[in-house]
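I have placed the structure first, in the form of structure tokens, so that the comments after it can refer back to it.
One is the number of the first residue; the rest follow in order along the sequence.
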Amino acid sequence: MRIAMTSVSVRDPIEAFMFYTQKLGFKEKLFMPEMKLAIVVSPEDEDGTTLLLEPRGNLGSDIFFDGIYNAGMPVIVFGVDNVEAEFERLKDKGVVFKQAPTKTEWGTPAIFDDTCGNFIQIHQP
């Protein structure tokens, strides 16, 4: 068994699609703006796990995810080989970081705001 798709709840899938592809560099897997359906994939593994940019609000998810955001917690972690390089690349594209790379006993994380209602962590083991 393997993870084929996971999701992140976003306020607006169309805006999220633009951010995740133009700023973060993900590739389009499926984009149907008229259906508010957006699925992206890592350019490093185009046949790998996909990420559904899921519209927030279904089944009370807005309350749950707004609570996570207000607590300052990331909703998903993206692994990177070099967190410092990725931090600089994303900053150069205008991504706003809540936490710069910080070395811990578990690795080096950094946290940014995806402009769609989430904090996202990048992490280098």
* Using the side chain to side chain donor-acceptor pair (under 3.5 Å) rule, collect all pairs that involve residues 115-125, keeping only residues at least two apart or in two chains. =>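 Listed by first then second residue: R56-N118, D114-N118.
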Value rounded to 0.5 Å, distance of [atom1] in [X] from [atom2] in [Y]:
| X | Y | atom1 | atom2 | value |
| --- | --- | --- | --- | --- |
| F87 | T102 | CZ | OG1 | 9.0 Å |
| I14 | M35 | CD1 | CE | 11.0 Å |
| S7 | I39 | OG | CD1 | 10.0 Å |
| D66 | S9 | CG | OG | 8.0 Å |

What's the shortest heavy-atom distance between [X] and [Y], and which atoms?
| X | Y | result |
| --- | --- | --- |
| L53 | P13 | O-CB, 3.7 Å |
| V83 | P101 | CG1-CB, 4.0 Å |
| F112 | I122 | CE2-CG2, 3.9 Å |
| L51 | F78 | CD2-CZ, 3.9 Å |
| P74 | I68 | O-CG2, 4.5 Å |
| F97 | A110 | CE2-CB, 3.9 Å |

* Asked: Are the side chains of I76 and T6 in touch, meaning some heavy atoms are under 4.5 Å apart?
  -> yes
* Please tell me if the side chains of F65 and V8 come closer than 4.5 Å, counting only heavy atoms from C-beta onward. => no
Rest of the hydrophobic cluster containing [X] (Ile/Leu/Val/Met/Phe/Trp/Tyr, side-chain heavy atoms under 4.5 Å)?
| X | value |
| --- | --- |
| V96 | none |
| I111 | Y69, F119 |
| M1 | none |

* Output all residues satisfying salt bridge (charged side-chain N to carboxylate O under 4.0 Å, His left out) with E54, sequence neighbours left out; order by chain, then residue number. => none
Residue pairs involving [range] (criterion salt bridge (charged side-chain N to carboxylate O under 4.0 Å, His left out); sequence neighbours excluded):
| range | answer |
| --- | --- |
| residues 72-86 | E86-R89 |
| residues 37-47 | none |
| residues 19-42 | none |
| residues 96-105 | none |

* To do: Could you walk me through whether V40 and T50 pass the side-chain contact (heavy atoms from CB on, under 4.5 Å) test, one step at a time?
  => CA-CA 6 Å; V40 296; T50 56; over 6 Å; no
* **Residues which pass ring-ring contact (aromatic ring centres under 6.0 Å, His included) with F64, listed by chain and number, not counting sequence neighbours** => none
* To do: With sequence neighbours excluded, tell me which residues meet ring-ring contact (aromatic ring centres under 6.0 Å, His included) with F17.
  =>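 So F17 forms a ring-ring contact (aromatic ring centres under 6.0 Å, His included) with F31.
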Can you hop from [X] to [Y] via hydrophobic side chains spaced under 4.5 Å?
| X | Y | result |
| --- | --- | --- |
| M5 | F26 | no |
| L52 | V10 | no |
| L90 | V75 | yes |
| M73 | W106 | no |

* **Other residues, nucleotides, ligands: >12 heavy atoms within 6.0 Å of M18 CE** =>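 Above 12, so yes.
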* Asked: S61: what forms a side-chain hydrogen bond (donor to acceptor under 3.5 Å, both in side chains) with it, not counting sequence neighbours?
  -> none
